[in-house]
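So the structure is just underneath, and the comments pick up after that.
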Amino acid sequence: MKAMTLQPPIGLDRLMLQDRADPGVPGAGEIRVALHGSSLNFHDLGVATGRTPTADGRIPLADGAGVVEAVGSGVAEFAVGDQVVSCFFPDWQDGAPTVGDFARTPGDGIDGFAQDYVVLPATAFTHAPRDYDAVEAATITTAGLTAWRALIVDGKLKAGDTVLLLGTGGVSIWALQLATLMGATVAITSSSGEKLERARGMGADFTLNYRDQPGWGRAVRDWTGGRGVDHVVEVGGPGTLAQSIEAVRVGGHISLIGVLTGGAGEVPTAALMGRQARLQGLIVGSRREQQDMVRALDASGIRPVIDRRFALDQLADAFRYEMSGGHFGKIGIEW
Ligand SMILES: NC(=O)c1ccc[n+]([C@@H]2O[C@H](COP(=O)([O-])OP(=O)(O)OC[C@H]3O[C@@H](n4cnc5c(N)ncnc54)[C@H](OP(=O)(O)O)[C@@H]3O)[C@@H](O)[C@H]2O)c1
């Protein structure tokens with residue numbers, strides 16, 4: 001079978017399609033999945049470019065979706081032919097977070113899904129949302145579930161809430177779809193007027209260009225009549241957090257998710273204290289939360305926004321496209 005691998009010295013030019021041994025038949029508690037789709041995340045880009053160290057020969061990509069080809073003994077949840085999607089944390093099944101690193105995350109600490117077949121514990125997958133193709137399903141593993149957890153699980157978002165989203169990448173566009181589905185009102189930023197127009201077409205109420213308006217926190221606050229937003233999905237990190245604190249309401253909630261502007265920096269602690277806001281770090285979510293999200297998607301009929309699709313052997317080009325920042329929503333990989 002074919003697998004895309006990262007050869008040393010790791011970089012996009014060292015992504016190579018190789019023959020690997022077929023994983024064989026599933027043992028007790030395992031399923032064999034024929035993979036057909038994945039999607040790119042900022043995290044995968046870090047691994048593929050060598051920014052995030054990984055093992056030589058690693059098979060990249062955290063997201064994976066496909067069809068169950070065989071089930072091992074004792075597996076009752078899945079049957080041959082089921083469409084399934086992978087879990088970002090294969091060992092975090094339910095309850096409070098139990099993992100604080102990427103040691104067991106596919107495509108980072110262990111091999112990922114840029115390959116034809118895997119045999120893994122059934123508990124490393126959930127059913128895919130109904131009628132989603134493999135690329136669409138794969139977008140929930142990382143970006144979709146992160147947006148779901150930030151807004152629904154940790155944020156306890158309700159109809160009428162106001163939400164601030166930063167940029168128009170995979171997490172933010174999933175968050176836009178979930179927030180509008182739940183009856184919230186959304187402000188979103190972007191570096192592109194064209195992308196802001198597109199976000200308005202998807203239901204965003206207030207849009208602004210973060211390059212043209214560096215003081216966007218105050219502008220978002222003004223949009224709420226001075227009250228501030230209930231939730232911020234903070235994908236920027238140190239370069240955006242001060243503006244997010246400016247934008248949040250007293251007693252509001254900031255989900256600290258991203259590192260787009262770096263991994264460390266100054267936090268205006270007094271301003272955060274004054275807001276009495278909850279600043280919560282999070283990494284994706286549990287398998288139970290993914291099952292809850294799939295149920296919600298089955299009931300809602302919304303589908304993820306796939307900006308472009310690339311073949312598996314064009315993976316390096318797909319990452320280069322992600323680096324260019326041209327995308328809106330998710331970049332899909334299919335095979
Ligand atoms: N903690 C977690 O569980 C978790 C899960 C998923 C992702 N993340 C993190 O969340 C971030 C986004 O991930 P992603 O996969 O959605 O990335 P992505 O799809 O590659 O999105 C990148 C987009 O972010 C926007 N952006 C870049 N710099 C920005 C800035 N200074 N201010 C506002 N927006 C900016 C740009 O949007 P425009 O083109 O519209 O300007 C860009 O297209 C990354 O840092 C990633 O590591 C964390």
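Counting convention: from 1, in listed order, for ligands and their atoms alike. In what follows, residues are counted from 1 in the order of the sequence shown.
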Short N or O distance, [X] and ligand 1, threshold 3.5 Å exclusive:
X: His327; answer: yes
X: Gly329; answer: no
X: Glu322; answer: yes
X: His43; answer: no

To check your reading of the model: name the closest protein heavy atom to [atom], its residue, and the distance in Å.
atom: atom 1 (N) of ligand 1; answer: Leu282 O, 2.8 Å
atom: atom 24 (O) of ligand 1; answer: Leu260 CD1, 3.2 Å
atom: atom 45 (O) of ligand 1; answer: Val259 N, 2.8 Å

| request: Measure the distances from the heavy atoms of Gly236 to every atom of ligand 1 and state whether one is below 4.0 angstrom. | output: no
| field | Contact with ligand 1 for Arg211, non-hydrogen, under 4.0 angstrom | value | no
| field | Which of the ligand 1 atoms, numbered from 1, are nearer than 4.0 Å to a heavy atom of Thr168 | value | 37 (O), 38 (P), 39 (O), 40 (O)
| Applying a 4.0 Å heavy-atom criterion (strictly less than), which segment of Thr240 is in contact with ligand 1: side chain, backbone, both, or neither? |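 The side chain, only.
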| N-O pairing of Arg295 and Asp298 below 4.0 Å |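 No, no charged N to carboxylate O under 4.0 Å.
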| task | Quick one: name the residues clustered hydrophobically with Met1, using the 4.5 Å side-chain heavy-atom rule over I, L, V, M, F, W, Y, and just say none if it's on its own. | result |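 Same cluster as Met1: Tyr117.
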| message | Please tell me whether Thr162 and Asp230 have a donor and an acceptor in their side chains that are separated by less than 3.5 angstrom. | response | yes
| query | Which one of Thr142, Thr141, Thr146 satisfies the side-chain contact (heavy atoms from CB on, under 4.5 Å) criterion with Asn41? | reply |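 Exactly one option meets the side-chain contact (heavy atoms from CB on, under 4.5 Å) with Asn41, and it is Thr142.
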